[in-house]
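One structure below.
The basis for the numbers below is simple: all heavy atoms, side chains too, and nothing from hydrogens, waters or symmetry mates. Below, read A as the first sequence line, B as the second, and so on, with proteins coming before strands; counting in each chain starts at 1.
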There are 2 protein chains.
Amino acid sequence: MKTAPTSADHGEPRWLTDGEQRVWRAYIDATTLLEDHLDRQLQRDAGMPHVYYGLLVKLAEAPERRLRMTELAMSAKITRSRLSHAVARLEKSGWVRREDCPSDKRGQFAVLTDEGRDVLRRHAPGHVAAVRQAVFDRLTPEQQKSLGEIMRIVAEGLQPSEAGADLPWLR
Amino acid sequence: MKTAPTSADHGEPRWLTDGEQRVWRAYIDATTLLEDHLDRQLQRDAGMPHVYYGLLVKLAEAPERRLRMTELAMSAKITRSRLSHAVARLEKSGWVRREDCPSDKRGQFAVLTDEGRDVLRRHAPGHVAAVRQAVFDRLTPEQQKSLGEIMRIVAEGLQPSEAGADLPWLR
DNA sequence: CAGTTTTACTTGAAGACTCAACTTCCCTAT
DNA sequence: ATAGGGAAGTTGAGTCTTCAAGTAAAACTG
């Protein structure tokens, strides 16, 4: 009699097939190379890593160019701790400033400074160019569409909010 | 008269369209969340980050369970410096050992130890499960195939070997 | 409204990564 | 042979990330 599969299944694991392996390795290679490439480009030209650049972009798009720390962290998909350190650094560089939240004394706003806006203006062209050259210029419209769908699915599956959606939470 | 586009084009940059923006942000979100998720899973269960796990896998698959440092670095798409540090750590953990290359006195082999093989055996099931749950279980076969193709294209465009293929190198 | 739990954010130490500089050795051309 | 240049790998300092623990204020709960 075969044992029934359980939630914590220690039976023979479902290894990746050959095809899946190839997909997975291509994914790892591409994401590693790309993140590396963008980090290097931005570090060289703008003096900050890709994530930090992303933070400035989020702030630039926010109303009043400001966001609560937690909102910013969630939007950028990073931990609050990481954001705290990052903002400290960006503050030191003069691109972001902190402001107290009047309605919640625990709260802090991260605010994009004018210098922050300028640094973004100066380096956005180079950054889009890098992204285009590495990704969009190489993919057909169908592939771009497909990439978007796939990435949305994966991202949704990992959102903290949905993290336990498949767990025996509400039976 | 319009100026002709040059290689270092400082004209109005080709910003991402709305659709491209959405694709790109989905990509950033998904890769950030996924790398984070796998790092956390492996750090918790196996005591090492995802990249280090990948290094052990490469070694496990290599003949004699050994690879030259540079080969390993290239195969994992990381710099030699990073690998040097990583192997130092893995050596400290007892999962990898260094060996001199007899034919080239500058050369070093990274060799997977038996403990390294064991740690891999123990934690591979949990890792595949995580990858399946986050990626493959959520994608149709067509999407998986598409993902593979797309990632291969992107990766190829960034390989160090091809890095300057579009530069005026050999006219 | 006092006590408890949550939420918001920060901190410091430890680990990981980058960059530039460095050592050692191989290879080639003269 | 030998000088010059390149390749293999390492190192250390500085930066970034993580993790666990911390403070302070809000939000519950009886």
If only side-chain N and O atoms of R89(A) are considered, is one of them under 4.0 Å from the OP1 or OP2 phosphate oxygen of dT15(D)?
-> no
Would you please test V51(A) and K77(A) for side chain to side chain contact (heavy atoms under 4.5 Å, CB included) and show each step?
-> CA-CA 10 Å; V51(A) 197; K77(A) 268 79 192 172; over 6 Å; no
Does R44(A) have a side-chain nitrogen or oxygen under 4.0 Å from the phosphate oxygens OP1 or OP2 of dC19(C)?
-> no
When the distance from CE of M48(B) to C1' of dA14(C) is rounded to whole Å, what number comes out?
-> 18 Å
When rounded to the nearest 0.5 angstrom, what distance separates CG in L90(A) from CD in E115(A)?
-> 12.0 Å
Nearest-nucleotide 5' precedence on DNA chain C, G47(B) against R82(A) | R82(A)
Assess whether one donor atom and one acceptor atom, taken from the side chain of S81(A) and the base of dC19(D), lie less than 3.5 Å apart.
-> yes
Classify the angle between the aromatic ring planes of Y53(A) and H127(A) as parallel (below 30°), tilted (30 to 60°) or perpendicular (above 60°).
-> tilted
Check the distance between dT18(C)'s C1' and H50(A)'s NE2 and give it to me in whole angstrom.
-> 17 Å
Within the side chain of R97(A), is there an N or O that forms a donor-acceptor pair under 3.5 Å with the backbone of E91(A)?
-> no
In this structure, are over 12 heavy atoms from other groups packed under 6.0 Å from K58(A) atom NZ?
-> yes
Value in whole Å for how far the P atom of dG9(D) lies from CG of L67(B) | 10 Å
Whole angstrom is fine here: how far is it from OH in Y52(B) over to C1' in dT17(D)?
-> 12 Å
Under 3.5 Å, which N/O atoms of the protein pair with N/O atoms of nucleotides 22-27 of chain D?
unit_1	atom_1	unit_2	atom_2	d
dA26(D)	OP1	K105(A)	N	3.2

Between dT10(C) (C1') and E91(A) (CD): distance, integer Å | 12 Å
Does one hydrophobic cluster hold both V119(A) and L59(A), with members joined at side-chain heavy-atom distances below 4.5 Å?
-> yes
Can you find a side-chain donor-acceptor pair between T31(A) and T31(B) that sits under 3.5 Å?
-> no
Less than 3.5 Å between a donor and an acceptor, one on the side chain of H85(A) and one on the base of dT15(D), is that the case here?
-> no
Side-chain N or O of Q108(B) closer than 4.0 Å to phosphate OP1/OP2 of dT10(D) | yes
Heavy atoms under 4.0 Å, any strand shown: does R98(B) hit a base, just sugar-phosphate, or nothing?
-> sugar-phosphate
R80(A) vs D36(A), nearer the 5' end of DNA chain C by closest nucleotide = R80(A)
